[in-house]
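Just so you know, residue 1 is the first one in the sequence shown, and it goes up from there. Worth knowing before you read on, the calculation uses all heavy atoms, side chains too, and leaves out hydrogens, waters and symmetry mates. These numbers were taken from a predicted model, which means no experiment stands behind them.
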Amino acid sequence: MDIKLTPAQEKLIAALRAAPGTDAKEHLGHIRNQAIADEMIEKLLKFGILRLNPENGLRELAPAYGSAAAPIDDEAAKEESGIIPDVTFGSPEDTASQETPETETAENSESAQPERINKKALILEMLQTKVSLAEMAAATGWEEKSVRGVMSQLKKEKHLTIYREKDENKQNFYFIAATEMAEAQAETA
């Protein structure tokens with residue numbers, strides 16, 4: 001799994017390294033929308049970069065990220081320590097400018113790349129059956145407004161008609177007729 005940290009997350013990690021023993025939330029007081037700050041902390045907890053200290057309840061850096069110690073080379077030791085080996089710090093330009101070794105073959109590099117999910121194609125696939133907006137948002141990790149935008153793009157790009165039905169609970173369900181779906185899949189093939 002390849003995790004790309006935002007500049008704000010990197011800044012938080014640097015602040016926690018500079019002031020060990022402080023809660024991550026203390027360093028995010030400058031953010032007006034605290035829901036964004038809470039979401040950032042939750043993501044770092046989820047990826048194992050932060051941890052909840054059971055003794056004092058502080059959300060602090062995981063021991064593997066707490067100091068600028070030498071990197072662990074042994075894969076088993078990485079798993080034991082909870083290090084996520086593919087966490088990258090820095091801007092996308094930094095990682096793009098790094099050259100890959102010439103000894104690596106094309107076959108190895110293709111198999112080493114994590115599989116990326118095309119979320120637009122996922123939504124198109126989900127529309128083969130009746131699906132709610134909430135289900136599509138949960139599957140892609142997007143907000144509902146973003147899912148609506150992608151459905152609008154699909155309608156324009158593939159000339160589809162996306163139907164909407166309400167159930168007895170007045171919840172909207174979206175789907176594409178089977179004949180239009182076959183035509184859309186033929187266009188992408």
Side-chain angles (χ1 to χ4, degrees), residues 1-13 28 31-50 82-101 104-189:
M1 179 167 65
D2 189 21
I3 301 169
K4 184 68 180 164
L5 297 175
T6 65
Q9 290 170 330
E10 292 174 10
K11 203 179 230 185
L12 174 62
I13 291 169
L28 298 177
I31 297 176
R32 289 185 190 188
N33 187 345
Q34 284 301 302
I36 293 172
D38 293 338
E39 183 180 340
M40 182 189 314
I41 291 171
E42 288 302 316
K43 284 183 181 179
L44 291 173
L45 284 167
K46 176 183 170 186
F47 292 129
I49 296 171
L50 293 182
I83 290 179
I84 303 171
D86 295 329
V87 175
T88 55
F89 294 88
S91 65
E93 295 82 26
D94 294 342
T95 56
S97 66
Q98 294 175 352
E99 295 181 19
T100 58
E104 185 178 286
T105 64
E107 184 179 300
N108 289 342
S109 65
E110 287 176 11
S111 64
Q113 295 293 327
E115 184 179 330
R116 294 200 59 192
I117 298 171
N118 184 342
K119 294 180 182 180
K120 193 174 188 180
L122 178 64
I123 289 175
L124 184 62
E125 184 179 319
M126 291 178 79
L127 286 169
Q128 291 180 21
T129 60
K130 290 183 181 178
V131 63
S132 72
L133 198 59
E135 291 171 331
M136 288 186 279
T140 58
W142 290 342
E143 293 182 12
E144 290 184 0
K145 65 182 182 179
S146 301
V147 173
R148 279 194 222 78
V150 168
M151 286 194 308
S152 176
Q153 284 179 339
L154 287 170
K155 285 170 36 176
K156 290 177 185 174
E157 291 173 359
K158 304 214 180 279
H159 307 290
L160 297 174
T161 305
I162 298 178
Y163 299 97
R164 181 181 70 179
E165 283 186 2
K166 287 189 178 186
D167 66 355
E168 61 277 354
N169 298 330
K170 298 191 179 197
Q171 182 178 8
N172 288 320
F173 287 89
Y174 300 88
F175 64 97
I176 299 172
T179 56
E180 289 188 34
M181 193 65 201
E183 291 172 6
Q185 287 178 339
E187 286 179 19
T188 58

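Taken from OH in Tyr174 to CG in Leu154, the straight-line distance is 13.5 Å, to the nearest 0.5 Å. In this structure, Leu12 CG and Leu44 CG are separated by 6.0 Å, a value rounded to the nearest 0.5 Å. Between the CD atom in Gln9 and the CD1 atom in Ile41 there is a gap of 10.5 Å [rounded to 0.5 Å]. Rounded to the nearest 0.5 angstrom, Arg148 CZ and Ile162 CD1 are separated by 12.5 Å.
In this structure, the side chains of Asn172 and Leu133 stay at 4.5 Å or more apart for every pair of heavy atoms.
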Item checked: side-chain contact (heavy atoms from CB on, under 4.5 Å) evaluation trace for Met151 with Arg164 -> CA-CA 12 Å; Met151 286 194 308; Arg164 181 181 70 179; over 6 Å; no
Item checked: Working for side-chain contact (heavy atoms from CB on, under 4.5 Å), residues Leu124 and Leu160 -> CA-CA 10 Å; Leu124 184 62; Leu160 297 174; 3.8 Å; yes
Check: Would Glu39 and Lys43 satisfy side-chain contact (heavy atoms from CB on, under 4.5 Å), going step by step from the backbone distance to the final call?
Finding: CA-CA 6 Å; Glu39 183 180 340; Lys43 284 183 181 179; 3.4 Å; yes
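The two atoms that bring Thr140 and Lys119 nearest to each other are O-NZ, 2.9 Å, heavy atoms only. Of all heavy-atom pairs between Leu28 and Gln34, the closest is O-NE2, 3.3 Å. Minimum interatomic distance between Thr129 and Phe175 (heavy atoms only, all atoms of both residues): O-CB, 3.8 Å. The minimum heavy-atom distance linking Phe173 with Ser132 is given by the pair CD2-N, 3.6 Å.
With sequence neighbours excluded, the residues forming a side chain to side chain contact (heavy atoms under 4.5 Å, CB included) with Asp38 are Lys25, listed by chain and number. Scored by the salt bridge (Lys or Arg N to Asp or Glu O under 4.0 Å) test, Lys130 finds Glu165 as partners (sequence neighbours excluded).
Judged purely by atom type and a 3.5 angstrom limit, Asn169 has no side-chain atom pairing as donor or acceptor with the backbone of Gln171.
Annotation for Lys120: atom NZ counts as buried by contact number, over 12 foreign heavy atoms lying within 6.0 Å.
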